[in-house]
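Since the structure comes first, as structure tokens, the remarks are kept for the end.
Values below: all heavy atoms of this structure, side chains included; hydrogens, waters and symmetry mates excluded. Being a predicted model, the structure only gives us computed values, none of them experimental.
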Amino acid sequence: MQDVEILLEPPRDAAHGDLATNVALQLSKRLNQKPRDLAQALIERLDLPLDVVSKVEIAGPGFINFWVSDRTLANVLHRILNEGDQYGRSDLGKGVNVNIEFVSANPTGPLHVGHGRGAALGDAIASMLHAVGYDVTREFYVNDAGTQIDLLGQSLWARVQQAVGREYQVPEGGYHGAYLTEFAEQIIEDEGKAFANLIEEDGISRCSALAIASQRAEQERDLTDFGVEFDVVFHESELYRSRRIDETLDRLDDADLTYEADGALWLKTQQYGDEKDRVLRKQDGSYTYFLPDIAYHLDKAARGFHRAIDVWGADHHGYVPRMAAVLNAMGLEEAFFRVVLVQLVRVTKGGAEVRFSKRSGDFVTLRELFDETGVDAARYFFLMRRADSQFVFDVDLATKQSDENPVYYVQYAHTRLAGIFRTAGCDPSALSIEDADLSLLESPDEQAMIKHLARYPTVLLKSAEAR
């Protein structure tokens, strides 16, 4: 019977006990016994001590229900206080290095609320995996090469020219946010009007570098204030400087995964289930974003990571199997690459969708949101819904001081607890329950809370396994 999985789980109805199993139903056909008779035989063989389990009953067609004893519940509290912040932790992922890449916003503008949802989620996944023994690295990928950076430099250069009174158009497909107008004015103030007289090529190059540095600094400030910090910041430009791009092309070619047609270099993704083959190098000699992405993930493997978990926007849905197929073709195991997709966020206030950014003009920045709601509320709300479901962030609810707001409810409970300790004149961190009579915690609410705390280690393990 080694192939039988014995599940012991909380029943849906608390009246049916604390834990239940259907093992008798699973085995009844194999053993040619009635489920209830088999359940009774199993109970008699268990011989459970009363100080662990206070009651066992057979329910329905043959479920076995267990009620844990008061002493068992009291031991949960002892364990929590003895283990402190190690409670629930395990070594499930011991020896496994995991790279979690999230946010990775282009350095072309402020972080918006969608980035905030990805930041809260990625940070939570990292903390969860770390708690069960994985060696976790939080990583931010900076797209500081390619067409979007050229457009950023050209857009800022246009604003610099406008700042000194010249007519100059932002390029087609460029960036029109008010933050670039503000930054251009700051550049003229710091560098003087002579900056606008640079040779255009040099001016655009300088603007690209200044804009990247400025936006990255702002992004880091926002993320730090949002409670998110990264172990590694990896720049796309490093893939070119270190010749990782060329090495990747050579590896793809050696694996017979590329071919030339119509003046471009193509990757044979169709043979891996893609709807068509994809271009790696365009006719003008420039690379598509697919090639550096492949090089970047191969670099993660070369740095010793066993797993790479990426938090991407939902618009990358079709991109996931394409990337997975290429990495598998390059010899990486299927488990190496995983993607968590994050859906869009809408922000409402007063019952209507709002866009209250004066700087960007067309989206709500993350900074504006958590300045309005507080960091705790913003992070909690972002994590209340599954990442793959669209989310409406209700600012009014997040700032409401009532039990309708789950964050306020938690904060209110904390305040009440602090008030009890303050009135009692004692420091809760110095308290010990070794000599306390925990049998007094017998009300249904008290016992329900202890049982809830007791499930935390199992919930943490299952969440980590499911990522």
Side-chain angles (χ1 to χ4, degrees), residues 99-102 104-108 139-154 171-174 208 232 234-342:
N99 179 291
I100 302 181
E101 180 218 327
F102 57 107
S104 297
N106 290 339
T108 54
E139 184 155 317
F140 188 109
Y141 180 65
V142 182
N143 298 89
D144 62 342
T147 303
Q148 81 276 6
I149 297 302
D150 295 335
L151 286 171
L152 176 64
Q154 294 166 19
E172 183 178 354
S208 293
V232 174
F234 191 101
H235 291 78
E236 180 185 352
S237 56
E238 178 60 27
L239 296 171
Y240 293 87
R241 282 194 295 269
S242 63
R243 300 187 62 79
R244 287 285 190 186
I245 298 293
D246 297 331
E247 293 173 9
T248 300
L249 275 176
D250 291 341
R251 288 182 63 180
L252 292 170
D253 184 55
D254 291 343
D256 192 29
L257 293 173
T258 62
Y259 66 92
E260 293 202 26
D262 302 323
L265 183 69
W266 297 74
L267 186 65
K268 299 176 182 178
T269 52
Q270 192 170 13
Q271 69 185 42
Y272 295 102
D274 199 1
E275 59 185 21
K276 61 181 181 180
D277 291 341
R278 303 292 170 172
V279 175
L280 293 176
R281 186 178 61 227
K282 294 180 282 190
Q283 292 177 338
D284 61 5
S286 63
Y287 297 126
T288 63
Y289 59 84
F290 194 20
L291 178 58
D293 278 357
I294 297 171
Y296 175 47
H297 285 83
L298 291 176
D299 182 80
K300 290 181 181 181
R303 282 187 273 151
F305 291 107
H306 304 109
R307 302 284 186 271
I309 300 175
D310 296 353
V311 179
W312 289 352
D315 56 338
H316 287 76
H317 180 269
Y319 193 59
V320 177
R322 192 181 314 158
M323 177 64 72
V326 174
L327 295 178
N328 291 343
M330 297 300 290
L332 295 177
E333 61 182 52
E334 186 176 344
F336 173 78
F337 176 66
R338 289 287 182 270
V339 174
V340 179
L341 294 176
V342 181

Does any non-hydrogen side-chain atom of [Y] lie less than 4.5 Å from one of [X]?
X: Phe102; Y: Tyr141; answer: no
X: Leu239; Y: Phe234; answer: yes
X: Phe337; Y: His297; answer: yes
X: Val142; Y: Ser104; answer: no
X: Val311; Y: Glu101; answer: no
X: Ile294; Y: Leu298; answer: yes
X: Leu265; Y: Tyr259; answer: no
X: Thr248; Y: Pro292; answer: no

Nearest 0.5 Å please: distance from the [atom1] atom of [X] over to the [atom2] atom of [Y].
X: Thr108; Y: Asp144; atom1: OG1; atom2: CG; answer: 12.0 Å
X: Leu291; Y: Tyr296; atom1: CG; atom2: OH; answer: 15.0 Å
X: Trp266; Y: Asp277; atom1: CH2; atom2: CG; answer: 7.5 Å
X: Leu252; Y: Leu280; atom1: CG; atom2: CG; answer: 6.5 Å
X: Asp254; Y: Leu249; atom1: CG; atom2: CG; answer: 10.5 Å
X: Ile245; Y: Asp250; atom1: CD1; atom2: CG; answer: 11.5 Å

Return the minimal non-hydrogen interatomic distance between [X] and [Y], and the atom names on each side.
X: Val232; Y: Arg303; answer: CG1-NH1, 4.2 Å
X: Ala329; Y: Tyr272; answer: CB-OH, 3.3 Å
X: Gln148; Y: Ala145; answer: NE2-O, 3.2 Å
X: Gly153; Y: Ser208; answer: CA-OG, 3.1 Å
X: Asp262; Y: Gln283; answer: O-NE2, 2.6 Å
X: Ala105; Y: Phe140; answer: N-CZ, 3.4 Å

Phe336-Phe305 aromatic ring centre distance below 6.0 Å: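 They do not qualify: ring centres at least 6.0 Å apart.
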Salt bridge check, Glu333 against Arg307: does any charged N sit closer than 4.0 Å to a carboxylate O?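 Counted as a salt bridge, because a side-chain N and a carboxylate O are separated by less than 4.0 Å.
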Should the pair Lys300-Glu139 be classified as a salt bridge under the 4.0 Å nitrogen-to-oxygen rule? no
Using 30° and 60° as the class limits, which term best fits the ring planes of His316 and Trp312: parallel, tilted or perpendicular?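 His316 vs Trp312 ring planes: tilted.
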Is it true that atom OH of Tyr289 has more than 12 heavy atoms of other residues, nucleotides or ligands lying nearer than 6.0 Å? no
Around Gln271, counting heavy atoms of other residues, nucleotides and ligands shown, do more than 12 lie under 6.0 Å from its CD?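 It does: Gln271 CD has more than 12 such atoms within range.
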Checking the side chain of Thr288 only, and the main-chain atoms of Val279 only, is there a donor and an acceptor separated by less than 3.5 Å? yes
Side-chain donor or acceptor of Asp284 paired with backbone N/O of Ser286 under 3.5 Å: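 It does hold such a pair.
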My understanding is that only one of Leu267, Leu327, Thr269 makes a side chain to side chain contact (heavy atoms under 4.5 Å, CB included) with Arg322; could you say which? Thr269
Determine the sole option in Arg281, Lys268, Lys282 for which the salt bridge (charged side-chain N to carboxylate O under 4.0 Å, His left out) test with Glu260 is passed.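 Between Glu260 and the candidates, salt bridge (charged side-chain N to carboxylate O under 4.0 Å, His left out) is satisfied uniquely by Arg281.
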From the options Arg244, Arg251, Arg243, select the one residue that forms a salt bridge (charged side-chain N to carboxylate O under 4.0 Å, His left out) with Asp299.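 Single pass found, and it is Arg244.
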Can Val339 and Ile309 be said to form a side-chain contact (heavy atoms from CB on, under 4.5 Å), step by step? CA-CA 6 Å; Val339 174; Ile309 300 175; over 6 Å; no
Any donor-acceptor pair under 3.5 Å linking the side-chain atoms of His235 with those of Asn143?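 Side chains of Asn143 and His235: no pair found under 3.5 Å.
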